[in-house]
Amino acid sequence: MEAGGVADSFLSGACVLFTLGMFSTGLSDLRHMQRTRSVDSIQFLPFLTTDVNNLGWLSYGVLKGDGTLIIVNTVGAVLQTLYILVYLHYSPQKHAVLLQTAALLGVLLLGYGYFWLLVPDLEARLQQLGLFCSVFTISMYLSPLADLAKIIKTKSTQRLSFSLTVATFLSSSSWSIYGVRLGDPYITVPNLPGILTSLVRLGLFCKYPPEHDRKYRLLQT
């Protein structure tokens, strides 16, 4: 096998490994829900938006014929759907959860209808779908920045997951390089904010480590 082929295989494997590692961080929430039989302190919206994001990128991967995108997002969609079903099972507000799910899935179905019925040209469909997926992914990476002010104000990183932060950094970095290797800006660009936000969160962990959290809470009491 040529050196370029080995590098591509290694990079593809890194994308799969790091991204599935990022998705699997939700297993701790799954165990928590099963153990406590409740959804206290668990946020539902990240599961739902990540599932929709996976389904969008899965469609892009199928249209592009990219096996790495297909594998990662198929497994990701299955995992996120599992998290959603478990959350729905233990949530006391099932109506609200179903309403949010139906609304976002409705948007996804409208998108599918538009891309597959109203954009007959395959190249144009690929470009527009790639743009849609990119914008959605960027919005997902940037949305947690709203919590940064609270973290700085409380001087506590208790709201952040260190393992998820590291997994997101590795996943975003590998996908950015993968996108550069393919010459696909729709893969490269949306993962750059993932790298940036992960570095910001890692910086907060350095500034406010868990030991600092405990000392700060003691001072507050």
Side-chain angles (χ1 to χ4, degrees), residues 1-30 43 45-83 126-145 147-148 157 160-206:
M1 186 181 291
E2 296 181 358
V6 173
D8 289 342
S9 297
F10 178 80
L11 185 56
S12 177
C15 289
V16 172
L17 178 65
F18 293 143
T19 309
L20 294 185
M22 181 177 68
F23 292 153
S24 66
T25 56
L27 291 173
S28 59
D29 290 335
L30 183 68
Q43 293 183 322
L45 201 56
F47 295 149
L48 182 58
T49 53
T50 304
D51 200 5
V52 171
N53 192 51
N54 286 147
L55 292 171
W57 281 111
L58 175 59
S59 301
Y60 183 76
V62 170
L63 198 60
K64 190 179 178 69
D66 189 303
T68 304
L69 282 171
I70 293 172
I71 292 171
V72 164
N73 289 287
T74 297
V75 176
V78 170
L79 282 174
Q80 300 304 322
T81 301
L82 175 63
Y83 301 154
L126 184 67
Q127 299 297 322
Q128 292 185 31
L129 182 56
L131 180 61
F132 170 81
C133 291
S134 296
V135 171
F136 196 89
T137 300
I138 290 172
S139 66
M140 283 183 57
Y141 278 136
L142 294 181
S143 59
L145 291 178
D147 291 333
L148 293 185
T157 52
L160 296 178
S161 167
F162 182 76
S163 60
L164 179 59
T165 299
V166 173
T168 301
F169 174 75
L170 294 173
S171 174
S172 298
S173 299
S174 59
W175 279 111
S176 292
I177 299 171
Y178 184 77
V180 170
R181 185 78 178 176
L182 294 180
D184 189 334
Y186 297 122
I187 296 177
T188 303
V189 174
N191 284 286
L192 296 178
I195 299 173
L196 177 61
T197 55
S198 296
L199 288 174
V200 170
R201 284 180 285 177
L202 287 171
L204 289 173
F205 274 111
C206 291

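Worth knowing before you read on, the calculation uses all heavy atoms, side chains too, and leaves out hydrogens, waters and symmetry mates.
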About how many Å separate [atom2] of [Y] and [atom1] of [X], when rounded to the nearest 0.5 Å?
X: Phe162; Y: Leu204; atom1: CZ; atom2: CG; answer: 12.5 Å
X: Asp184; Y: Lys64; atom1: CG; atom2: NZ; answer: 4.0 Å
X: Phe47; Y: Thr49; atom1: CZ; atom2: OG1; answer: 10.0 Å
X: Ser28; Y: Leu164; atom1: OG; atom2: CG; answer: 9.0 Å
X: Cys133; Y: Ile138; atom1: SG; atom2: CD1; answer: 11.5 Å
X: Met22; Y: Phe169; atom1: CE; atom2: CZ; answer: 13.5 Å

How about [X] and [Y]: does a side-chain donor come under 3.5 Å of a side-chain acceptor?
X: Thr137; Y: Asn191; value: no
X: Tyr83; Y: Thr50; value: no
X: Ser12; Y: Thr68; value: yes

For Asp66, enumerate each residue passing the salt bridge (charged side-chain N to carboxylate O under 4.0 Å, His left out) test, keeping only those at least two apart in sequence or located in another chain.
-> none
Side chain to side chain contact (heavy atoms under 4.5 Å, CB included) between Thr165 and Phe205: does it pass, once the steps are laid out?
-> CA-CA 10 Å; Thr165 299; Phe205 274 111; 3.8 Å; yes
Grab the two heavy atoms, one from Trp57 and one from Ser134, that are nearest each other, plus how far apart they are.
->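 Where Trp57 meets Ser134 most closely, the heavy atoms are CZ2-N, 3.9 Å.
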